[in-house]
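Quick notes on the structure that follows.
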Amino acid sequence: MAAVSPRAIGCPVCGAPTAVAFRVRGHDIRRCAGCTHRFSAVETGTGADHVRRVYGDHYFTGGGAGYPDYLADGGLLRERGRGYARLIAGATTPGRVLDIGAAAGFVLQGLCDEGWRGAGIEPNATMAAHARERLGLDVRTGTLEQATGSPGEDLPAPVGGFDLVTMIQVVAHFHDLREALARAQALTAPGGHWLIETWDSASLSARLLGRHWHEYNPPSVLHQFSRASLVSLAAQFGMAPVQSGRPARRISGAHAKSLLRHQLGTGALGRLASAALAVVPDRVSLPYPADDLFWILLRKDSRAGR
Ligand SMILES: [Zn+2]
């Protein structure tokens, strides 16, 4: 009997054929033959299931690939939102912002501190409720891929679109990348901006670590971008780069320890590292040291349609 050839899976960035590069914890990491993009495919039609499974409350409190205690990092995240608002102040003046993957609302709150008026969308209902009830922010429960964008429903879309759409630590998680970005594009006002923070698979540290790089981390992380692949993808949605850089990110001791333990596993090295890390206090804030994280501000062509 002839072997059934696996269904061809095209690259979501450039459409070229892809092949499995290696596997991580039972999931394929695919390599594109035409560009630098790497990704894990979520089976068509199972996106809602995927989101429910991956972004339950455990993602925000269970450690592992997620967060040991997301709400405890509120101060750091709010400062990150303020920092980004100051960073882009030369390129755009505060207006209406939509924060995709807003979680408990802290980054959005930081943007609002600096003059932006905000709304958000977040798949985890507990986090979105925190943003609404504790911070008084308009954060709707849902995913960008499935949002209808109807006024008063899952997205408070303003007439004319948002002046800024922020995707901080979000694009690597989209289960339907092209659908999500098409919706983000439709929600962005002509001349409006996207601010994206994500990981760089072409960075020196990612290349040195190879398949052991922490962002080969399915099923929560599904895409490994380089700056070049992200810029090329965004261009297909009428978005051109304006500025980019490496964020001065700080993370809590608790989060750093939890990520390292997840990465190193329960083997001898993991146990050794766990013992060594026990001296790092949970509440200390540490600068993120590596070169594999970047941010980029993109502008929508004012002639691009909505
Ligand atoms: Zn490609």
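When reading the values below, keep in mind they use all heavy atoms of this one structure, side chains included, and skip hydrogens, waters and symmetry mates. Just so you know, ligand 1 is whichever comes first in the structure, and atom 1 is the first atom listed for that ligand.
- Under the ring pair (Phe, Tyr, Trp, His ring centres under 6.0 Å) criterion, H27 pairs with no residue at all, not counting sequence neighbours.
- With sequence neighbours excluded, the residues forming a side-chain hydrogen bond (donor to acceptor under 3.5 Å, both in side chains) with S244 are R227, listed by chain and number.
- Listed by chain and residue number, D57 satisfy the side-chain hydrogen bond (donor to acceptor under 3.5 Å, both in side chains) test with T126 (two or more places apart in sequence, or in another chain).
- Counting only N and O atoms by type, the side chains of E215 and Q224 include no donor and acceptor under 3.5 Å apart.
- The side-chain heavy atoms of S203 and F294, taken from C-beta on, include no pair separated by under 4.5 Å.
- Take the Zn ion (ligand 1) and draw a sphere of radius 2.8 Å; the protein N/O/S atoms inside it number 4.
- Just one of L297, L181, I296 meets the side chain to side chain contact (heavy atoms under 4.5 Å, CB included) condition when paired with W194; it is L181.
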